Chemist: 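Quick one: this structure, given as structure tokens, is what I'll be asking you about.
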Amino acid sequence: MSWSRHQLGLAALMLLTGSINTLAAKWADNFSAAGCGGTEEHGFQHPFLQATGMFLGEFSCLGVFYLLLWRERRRPEPSPAPSSQPFSSLLFLPPALCDMTGTSIMYVALNMTSASSFQMLRGSVIVFTGLLSVAFLGRRLELSQWLGIAATIVGLVLVGLADLRGDHGQKHKLSEVITGDLLIVMAQVIVAIQMVLEEKFVYKHDVHPLQAVGTEGFFGFVILALLLVPMYYIPAGGFSGNPRRALEDALDAFCQVGHRPLIALALLGNVGSIAFFNFAGVSVTKELSATTRMVLDSLRTLVVWAVSLAVGWESFHGLQVLGFGVLLAGTALYNGLHRPLLARLARGSAAEREGLLQGDRGAINSES
């Protein structure tokens with residue numbers, strides 16, 4: 001199947017913006033700058049503020065949805081517009097709370113581990129989504145999906161072992177890496193709950209994906225932005241990376257941005273990339289397939305890993321290569337990516353047998 005330039009552009013946009021999303025967040029984490037009141041230079045560790053920015057990017061998808069709706073309604077012969085079926089926006093509140101919690105935990109974990117491990121370990125969502133869909137949605141998984149879950153677990157173990165054996169240098173202690181990896185996997189449990197809630201209560205209302213993402217982004221942005229105020233006064237001890245040792249110090253973050261304007265570029269890259277990534281992801285699913293979206297999402301992990309190695313954020317480990325390969329195989333099995341390949345191989349072998357039979361008949365006829 002050949003792709004048009006438009007489809008290739010959408011695929012490239014999804015791959016690029018999805019990769020930038022993780023890389024921009026990690027780039028911000030690697031900066032150091034002085035804070036408010038002349039405090040000494042320290043690392044930019046503000047995971048809850050970064051999560052708020054990510055939800056701002058998701059919130060912007062709601063604007064894109066209404067823009068598309070307005071454009072379709074102004075056409076002389078309007079085509080089927082994005083769904084605007086009435087529904088209660090509060091349906092999105094439980095998934096948004098899960099998204100807010102899971103995302104915040106993952107940004108905390110990103111401060112403790114490498115960008116590639118962060119991206120790879122996010123693949124564990126398959127395990128929990130599969131198990132929860134069986135328990136709460138009554139779904140029966142195929143054998144290939146159970147094999148995919150098993151392969152994903154093996155891949156996670158290999159990636160974890162690679163982190164244990166890796167040289168973390170001055171940036172991360174081994175205890176921090178282990179904690180970060182465990183937090184990422186724990187966050188995927190919450191993300192899996194979010195997916196189950198969305199499927200059970202939200203998408204049965206035929207809500208346009210951009211509207212769904214934007215509404216969840218609205219709830220996540222408003223709630224987390226309000227929570228930044230009490231977080232400023234909640235002590236977190238050594239768990240915090242800001243001088244006040246508060247759970248989150250947004251004022252310190254803005255002061256650091258003032259001293260190092262490049263941090264603002266990283267934050268804007270994170271906000272903008274998540275908006276374009278969601279738009280491109282919805283468009284790829286619509287114009288190509290959900291399978292293509294899953295393949296591009298897996299390639300995003302490869303891009304994040306390659307860039308992290310190229311800029312020196314981490315060192316190469318062969319065990320991580322093996323772990324990534326097994327995770328990729330698990331993702332492919334769970335999402336049924338092996339079926340088109342097996343079907344093509346079956347057609348190819350059938351055509352080869354038919355060709356051989358025709359060739360034999362031709363040889364017999366030539367001798368007669």
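Being a predicted model, the structure only gives us computed values, none of them experimental. These values consider heavy atoms only, across backbone and side chains, with no hydrogens, waters or symmetry-generated copies.
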Chemist: Going by the ring-ring contact (aromatic ring centres under 6.0 Å, His included) test, which pairs reach into residues 108-154, not counting sequence neighbours?
Modeler: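 For residues 108-154, and leaving out neighbouring residues, there are no ring-ring contact (aromatic ring centres under 6.0 Å, His included) pairs at all.
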
Chemist: Out of Leu224, Val229, Val222, Leu228, which residue meets the side-chain contact (heavy atoms from CB on, under 4.5 Å) rule with Leu226?
Modeler: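 Option passing the side-chain contact (heavy atoms from CB on, under 4.5 Å) with Leu226: Val222.
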
Chemist: Treating Ile, Leu, Val, Met, Phe, Trp and Tyr as nodes and any side-chain heavy-atom pair under 4.5 angstrom as an edge, say whether Leu68 and Leu13 lie in one connected cluster.
Modeler: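 No, separate clusters.
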
Chemist: Give the ring-plane orientation class for Phe221 versus Phe59, where under 30° counts as parallel, over 60° as perpendicular and anything between as tilted.
Modeler: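 Because their plane-to-plane angle is under 30°, the rings of Phe221 and Phe59 count as parallel.
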
Chemist: When you compare the side chain of Asn278 with that of Pro209, does any pair of heavy atoms fall below 4.5 Å?
Modeler: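 Answer no - side chains too far apart.
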
Chemist: Any side-chain donor paired with an acceptor under 3.5 Å for Ser124 and Gln188?
Modeler: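 Absent: no donor and acceptor within the cut-off.
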
Chemist: With distance as the sole test, does Asn21 use its side chain to make a donor-acceptor pair with the main-chain N or O of Ala25 at under 3.5 Å?
Modeler: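 Here the side-chain-to-backbone pair does not exist.
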
Chemist: Does the side chain of Leu62 reach to within under 4.5 Å of the side chain of Val213, using non-hydrogen atoms?
Modeler: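 Of all side-chain heavy-atom pairs linking Val213 with Leu62, none is under 4.5 Å.
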
Chemist: Work out which heavy atom in Ser308 is nearest to a heavy atom in Leu23; give both atom names and the distance.
Modeler: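 It is OG-CD2, 4.1 Å.
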
Chemist: Val307 and Leu296: same hydrophobic cluster, using ILVMFWY side-chain contacts below 4.5 Å?
Modeler: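 Val307 clusters together with Leu296.
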
Chemist: Quick one: does any side-chain atom of Ser133 pair with a main-chain N or O of Gly130 as donor and acceptor, under 3.5 Å?
Modeler: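 The answer is yes, because a donor-acceptor pair under 3.5 Å joins these two groups.
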
Chemist: Do the side chains of Leu183 and Met106 get nearer than 4.5 Å, heavy atoms only?
Modeler: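 Counting from C-beta outward, Met106 and Leu183 never come under 4.5 Å.
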
Chemist: Can you tell me if Thr101 uses its side chain to pair, donor with acceptor, with the backbone of Leu97 under 3.5 Å?
Modeler: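 Yes.
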
Chemist: For Asp252, which residues count as a side chain to side chain donor-acceptor pair (under 3.5 Å) partner, sequence neighbours excluded?
Modeler: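 By the side chain to side chain donor-acceptor pair (under 3.5 Å) rule, Asp252 matches His42, His46.
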
Chemist: Which is it for Leu265 and Trp27 under the side-chain contact (heavy atoms from CB on, under 4.5 Å) test, yes or no, and what are the steps along the way?
Modeler: CA-CA 10 Å; Leu265 181 61; Trp27 187 32; 3.9 Å; yes

Chemist: How are the rings of His208 and Phe65 set to each other: parallel, tilted or perpendicular (split at 30° and 60°)?
Modeler: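 Plane angle between 30° and 60°, so tilted.
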
Chemist: As an exercise, state the distance from CG of Leu267 to CG of Leu262, rounded to the nearest 0.5 Å.
Modeler: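 Separation between the atoms: 11.0 Å.
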
Chemist: Main chain of Ile184, side chain of Arg122: is a donor-acceptor contact present, judged purely on distance under 3.5 Å?
Modeler: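 Looks like no, no N/O pair under 3.5 Å.
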
Chemist: Start with the C-alpha gap between Val304 and Thr301, add the side-chain angles, then the distance that decides, and say whether side-chain contact (heavy atoms from CB on, under 4.5 Å) holds.
Modeler: CA-CA 5 Å; Val304 169; Thr301 303; 5.8 Å; no

Chemist: Taking all non-hydrogen atoms of both residues, which atom of Leu158 and which atom of Gly323 are closest, and how far apart?
Modeler: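 Reported closest heavy-atom pair: CB-CA, 3.6 Å.
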
Chemist: Is it true that a side-chain atom of Glu41 and a backbone atom of Ala34 form a donor plus acceptor pair closer than 3.5 Å?
Modeler: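 Absent.
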
Chemist: Can you sort out the partners of Glu142 under salt bridge (Lys or Arg N to Asp or Glu O under 4.0 Å), two or more places apart, ordered by chain and number?
Modeler: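 Arg339.
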
Chemist: Does some side-chain heavy atom of Phe92 sit less than 4.5 Å from a side-chain heavy atom of Phe218?
Modeler: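 No - every pair of side-chain heavy atoms lies 4.5 Å or more apart.
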
Chemist: Can you find a pair of side-chain heavy atoms, one from Glu314 and one from Leu309, that are under 4.5 Å apart?
Modeler: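 Touching, per the 4.5 Å side-chain cut-off.
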
Chemist: Test your reading of the model: is there a side-chain donor-acceptor pair from Ser117 to the backbone of Thr113, 3.5 Å cut-off?
Modeler: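 Pair absent, no side-chain N/O of Ser117 close to backbone of Thr113.
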
Chemist: Closest heavy-atom contact between Pro95 and Glu216?
Modeler: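 Scanning both residues, the minimum pair turns out to be CB-OE2, 3.4 Å.
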
Chemist: Does the side chain of Trp305 come within less than 4.5 Å of Gln119's, by heavy atoms?
Modeler: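 No, their side chains stay 4.5 Å or more apart.
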
Chemist: Would you check if Gln50 and Leu110 make a side-chain contact, meaning some heavy-atom pair closer than 4.5 Å?
Modeler: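 They are not in contact (no side-chain heavy atoms under 4.5 Å apart), so the answer is no.
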
Chemist: Suppose clustering is done on Ile, Leu, Val, Met, Phe, Trp and Tyr with side-chain heavy atoms closer than 4.5 Å. Which residues sit in the same group as Leu67?
Modeler: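 When side chains under 4.5 Å apart are linked, the cluster holding Leu67 also contains Trp70.
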
Chemist: Tell me, please, which residues at least two apart from Arg300 pass side chain to side chain donor-acceptor pair (under 3.5 Å).
Modeler: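 Arg300 satisfies side chain to side chain donor-acceptor pair (under 3.5 Å) with Asp297 only.
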
Chemist: Is Phe276 reachable from Val64 through a run of hydrophobic residues whose side-chain heavy atoms are each under 4.5 Å from the next?
Modeler: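 In one cluster with Val64: Phe276, no.
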
Chemist: Can you name the salt bridge (Lys or Arg N to Asp or Glu O under 4.0 Å) partners of Arg244, sequence neighbours left out?
Modeler: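 Partners of Arg244 by the salt bridge (Lys or Arg N to Asp or Glu O under 4.0 Å) criterion, ordered by chain and then number, come out as Asp249.
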
Chemist: Please test Ser240 against Gln45 for side chain to side chain donor-acceptor pair (under 3.5 Å), starting from the C-alpha separation and ending with a verdict.
Modeler: CA-CA 8 Å; Ser240 173; Gln45 296 186 25; over 6 Å; no

Chemist: Are Glu58 and Ile274 close enough that some pair of their side-chain heavy atoms sits under 4.5 Å apart?
Modeler: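 Contact flag for Glu58/Ile274 side chains = yes.
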
Chemist: Does Thr103 use its side chain to pair, donor to acceptor, with the backbone of Met100 at less than 3.5 Å?
Modeler: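 Checking the backbone N and O of Met100 against the side chain of Thr103, no donor-acceptor pair under 3.5 Å is found.
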
Chemist: What are the two closest non-hydrogen atoms of Ala253 and Leu49, and how far apart are they?
Modeler: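 Heavy atoms of Ala253 and Leu49 come nearest at CB-CD2, 3.3 Å.
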
Chemist: Run the numbers on Leu141 and Ile149 for side-chain contact (heavy atoms from CB on, under 4.5 Å), then give the verdict.
Modeler: CA-CA 10 Å; Leu141 299 183; Ile149 289 175; 3.9 Å; yes

Chemist: Regarding Gln320 and Ser116, is there a side-chain donor-to-acceptor distance under 3.5 Å anywhere?
Modeler: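 Distance-only check passes for Gln320 and Ser116.
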
Chemist: Counting only heavy atoms from other residues, nucleotides and ligands, does the tally under 6.0 Å from CZ of Phe219 exceed 12?
Modeler: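 Atom CZ in Phe219 is crowded, with more than 12 foreign heavy atoms closer than 6.0 Å.
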
Chemist: Provide the closest heavy-atom pair for Ile20 versus Gly269 in the form atom of the first, atom of the second, distance.
Modeler: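 Shortest heavy-atom contact: CG2-O, 4.0 Å.
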
Chemist: Same hydrophobic cluster for Ile234 and Tyr232, using side-chain heavy-atom links shorter than 4.5 Å among ILVMFWY?
Modeler: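 No, no single cluster joins them.
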
Chemist: Hey, does the side chain of Ser60 reach the backbone of Gly57 with a donor-acceptor pair shorter than 3.5 angstrom?
Modeler: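 Checking the backbone N and O of Gly57 against the side chain of Ser60, a donor-acceptor pair under 3.5 Å is found.
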
Chemist: Please walk me through it: do Leu174 and Ile178 pass side-chain contact (heavy atoms from CB on, under 4.5 Å)?
Modeler: CA-CA 6 Å; Leu174 180 58; Ile178 295 173; 4.1 Å; yes

Chemist: Step through the shown structure and confirm whether more than 12 heavy atoms of other residues, nucleotides or ligands are within 6.0 Å of CZ on Phe48.
Modeler: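 Yes, CZ of Phe48 has more than 12 neighbouring heavy atoms, counting only those of other groups under 6.0 Å.
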
Chemist: What is the minimum heavy-atom distance between Leu132 and Val189, and which atoms define it?
Modeler: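 That closest heavy-atom pairing would be CD1-O, 4.3 Å.
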
